[in-house]
Amino acid sequence: MSYPFDKPINEPVKDYSPGSIEKESLKQKLFELKSQQIEVPLIIDGNEIKTSNTSTIDMPHNHEIQLGKFFMASRDEVDLAIESNLKAWHSWSKVSLIDRCSIFNKAADLLSTTWRDTINAATMLNMSKNVYQAEIDAACEMIDFFRFNCWYAFELNKQQPMYSTEFVKNSLEIRPLEGFVFAVSPFNFASIGGNLPSSPALMGNVSLWKPASSAVLPAYFIMKLLEEAGLPDGVINFVPGSGKDIGPRALESPDLAGIHFTGSTNVFKGMWKTVGNNIDNYKTYPRIVGETGGKDFCIAHESANIEILVTAMIRGAFEYQGQKCSAMSRAYIPSTIWSEVKDLYEQEVDKIKMGDPEDFSNFMNAVIDKSAFDSIKNYIDHASASSEAEILTGGKCDDSKGYFIEPTTIITSNPKFKTMCEEIFGPILTIYIYDPMKWDDVLKLIDNTSDYALTGCVISEDEDAIINARDTLKYSAGNFYINDKPTGAVVGQQPFGGSRASGTNDKAGSMFNLIRWVSMRTIKETLDSPKDFRYPFMGEEE
Ligand code: NAD
């Protein structure tokens with residue numbers, strides 16, 4: 001069947017320039033959200049549930065203001081959510097793909113219009129994103145996930161066996177999984193939060209969604225948006241709370257059909273182990289999809305354009321305070337161009353303004369919470385104390401008002417220095433200056449320095465060097481960029497995900513992800529069914 005909706009195109013990014021209508025309207029919404037105390041309940045079977053256990057909804061850049069509170073699930077609510085999911089499955093799994101797509105396309109339309117300011121403002125305040133980072137995540141990427149996934153679902157449905165004959169009709173039936181999908185989202189992308197429960201739901205599944213506690217407000221608004229778009233009760237249940245309470249309860253359910261996770265490698269490995277321990281209890285083998293950490297690299301060639309390189313380093317490493325799984329966190333710069341790179345880099349980093357996202361002139365804002373602040377600061381302290389490292393820019397951390405960490409650059413003489421190997425998830429870029437005669441060795445070094453393989457980039461004007469880097473680093477990154485920063489994947493253009501310790505690489509926002517949420521049934525209809533068990537070869541010899 002041809003696609004019955006408009007073919008998706010990427011949602012245009014609004015620029016929020018001074019005096020623009022969109023800027024005024026967003027400013028009003030920011031004011032509105034800050035002037036009220038919002039209560040975020042659980043939403044199970046369409047019912048808003050308020051438990052006795054609550055936690056605050058914070059603004060990372062200003063401890064003094066709280067946006068409200070959210071209610072946390074106990075194991076009882078997890079059981080209730082699973083029960084509701086399984087009830088909803090009976091009707092939702094039979095809803096046609098066109099009708100399911102109508103709901104998610106409507107959600108995209110609502111987010112593009114009436115919900116845009118609310119979800120962007122919640123992302124700016126609760127996650128400390130500047131307006132551009134909020135717009136490309138919470139509005140544009142979320143809209144793209146909804147619209148493009150509908151397109152991919154239809155493409156998937158076109159897959160049918162190669163042959164039927166006049167005697168046999170063959171077909172593939174695409175069925176949702178039996179049971180519920182446990183969707184667990186990270187704090188750093190509102191759109192990932194929305195996509196994790198909704199891409200299985202689009203394929204006819206039901207999801208139990210546990211959002212990240214430090215970014216619960218945009219997640220709640222996405223849930224309300226989906227309700228307004230017409231998603232039936234119980235298809236996605238919204239269950240905020242502690243991962244340690246909710247996770248084990250959901251994972252031990254015999255009806256667990258899949259995990260759709262994005263977050264840290266350790267939490268994902270823990271979930272996988274729990275699944276292993278429960279393997280005898282499940283009715284079906286759970287599909288396990290997890291996109292996890294990164295230690296994303298930049299390799300500059302001697303021929304690199306210095307302005308392109310420096311821009312990629314600054315945007316790649318410091319946008320959203322380096323809290324992107326794809327953030328550039330290790331760079332390899334040839335000694336022959338280092339002096340020129342260093343001069344421009346220091347000048348440009350010096351221009352970075354940091355502060356409250358409501359001041360639109362700030363490029364950087366705060367890191368998400370105290371535990372992130374402490375962990376990032378420990379890495380800076382470690383580098384400051386080491387004889388193998390020096391701090392080139394930044395290094396100061398200040399949590400007196402909000403969790404602010406300066407854009408920090410470490411130069412190390414040891415390519416396996418701690419900050420070259422471990423995911424830090426903060427605004428720290430470590431640079432190793434290499435001898436350009438050892439280009440091949442450096443490529444091998446990049447490949448074996450960390451356990452991760454998420455993103456990476458090469459900056460070069462030399463075509464042979466680009467091809468060489470692309471080929472040698474074939475398994476070092478699931479998303480590889482040439483003459484660009486390693487962040488900012490766009491749905492429909494660069495399907496996202498990495499391998500090794502970075503995840504199962506099921507490429508969010510593509511057909512490859514949707515395939516994980518369906519289980520095929522093959523149907524063969526024989527039109528001239530045999531009526532005799534004997535074959536021709538069994539005939540009597542003359
Ligand atoms: P996290 O692993 O701390 O938390 C992720 C989610 O898991 C949260 O909702 C958390 O509450 C939940 N959780 C924690 N323990 C759990 C348990 N035992 N059972 C079930 N759920 C549990 O990650 P984070 O700090 O929110 O996000 C940052 C991490 O996410 C980084 O490592 C980053 O690289 C990764 N990330 C990866 C991608 C990708 O596409 N590869 C994208 C975004 C973020």
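From a predicted model like this one, the values you see are computed outputs, not experimental measurements. In listed order, ligands and their atoms are each counted from 1.
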Any idea which atoms of ligand 1 are less than 4.0 Å away from a heavy-atom of Ile192? 42 (C), 43 (C)
Geometric N/O contact Phe187 with ligand 1, under 3.5 angstrom: yes
Indicate whether any N or O donor in one side chain lies under 3.5 Å from an N or O acceptor in the other, for Asp58 and Thr56. yes
Find out whether Ile405 and Cys397 are in side-chain contact, i.e. whether some heavy atom of one side chain is under 4.5 Å from a heavy atom of the other. yes
Describe, in one word, how the ring planes of Trp209 and Phe238 are oriented to each other, choosing from parallel (under 30°), tilted (30 to 60°) and perpendicular (over 60°). perpendicular
Between ligand 1 and Pro211, can you find any atom pair, the residue atom being a heavy atom, that is separated by under 4.0 Å? yes
Any nitrogen or oxygen of Lys244, side chain or backbone, less than 3.5 Å from one on ligand 1? no
Side-chain touch Thr123/Glu135, heavy atoms, less than 4.5 angstrom: no
For ligand 1, which atoms sit closer than 4.0 Å to a heavy atom of Phe496? 39 (C), 40 (O)
Does ligand 1 have any atom that is closer than 4.0 Å to a heavy atom of Ser185? yes
Under 4.0 Å from a heavy atom of Asn188: which atoms of ligand 1 are those, numbered in the order shown and with their elements? 43 (C), 44 (C)
Decide whether a cation-pi geometry holds between Lys129 and Phe189; the criteria are a distance under 6.0 Å from NZ or CZ to the six-membered ring centre and an angle within 45° of the ring axis. yes
Evaluate the ring planes of Trp272 and Phe268, with Trp represented by its six-membered ring, and classify them as parallel (under 30°), tilted (30 to 60°) or perpendicular (over 60°). perpendicular
Student check: side-chain heavy atoms of Ile222 and Met142 closer than 4.5 Å: yes
I'd like to check which ligand 1 atoms, numbered from 1 as shown, lie under 4.0 Å from a non-hydrogen atom of Gly293. 32 (O), 34 (O)
Taking only non-hydrogen atoms of Phe268, do any sit less than 4.0 angstrom from ligand 1? no
Side-chain H-bond candidate by donor/acceptor type, Thr412 with Asn414, under 3.5 Å: no
Taking both backbone and side-chain atoms of Cys325, is any N or O found less than 3.5 Å from an N or O belonging to ligand 1? no
Return the closest protein heavy atom for atom 15 (N) of ligand 1 as residue, atom name and distance. Val267 CG1, 3.6 Å
List ligand 1 atoms under 4.0 Å from Thr262, heavy atoms only on the residue side. 5 (C), 36 (N), 37 (C), 38 (C), 39 (C), 42 (C), 43 (C), 44 (C)
With only distance considered, is Gly243 within less than 3.5 Å of ligand 1 through an N or O on each side? yes
Angle between ring planes, Phe297 versus Phe480, binned at 30° and 60°: parallel, tilted or perpendicular? tilted
Decide yes or no for Phe145 and Ser199: does some side-chain heavy atom of the first lie under 4.5 Å from some side-chain heavy atom of the second? no
Answer yes or no for atom 4 (O) of ligand 1: protein heavy atom present at a distance under 4.0 Å? no
When you compare the side chains of Tyr403 and Gln321, does any donor N or O come within less than 3.5 Å of an acceptor on the partner? no
Per-atom contacts, ligand 1 versus Val184 - under 4.0 Å to a heavy atom: 6 (C), 7 (O), 9 (O), 12 (C), 21 (N)
Any idea which part of Glu423 is under 4.0 Å from ligand 1, heavy-atom wise: side chain, backbone, both or neither? side chain
In terms of its nearest heavy atom to atom 33 (C) of ligand 1, the top option of Phe182, Phe425, Tyr452 is Phe425
Report the member of Ser502, Pro186, Ser264 with the shortest heavy-atom distance to atom 1 (P) of ligand 1. Ser264
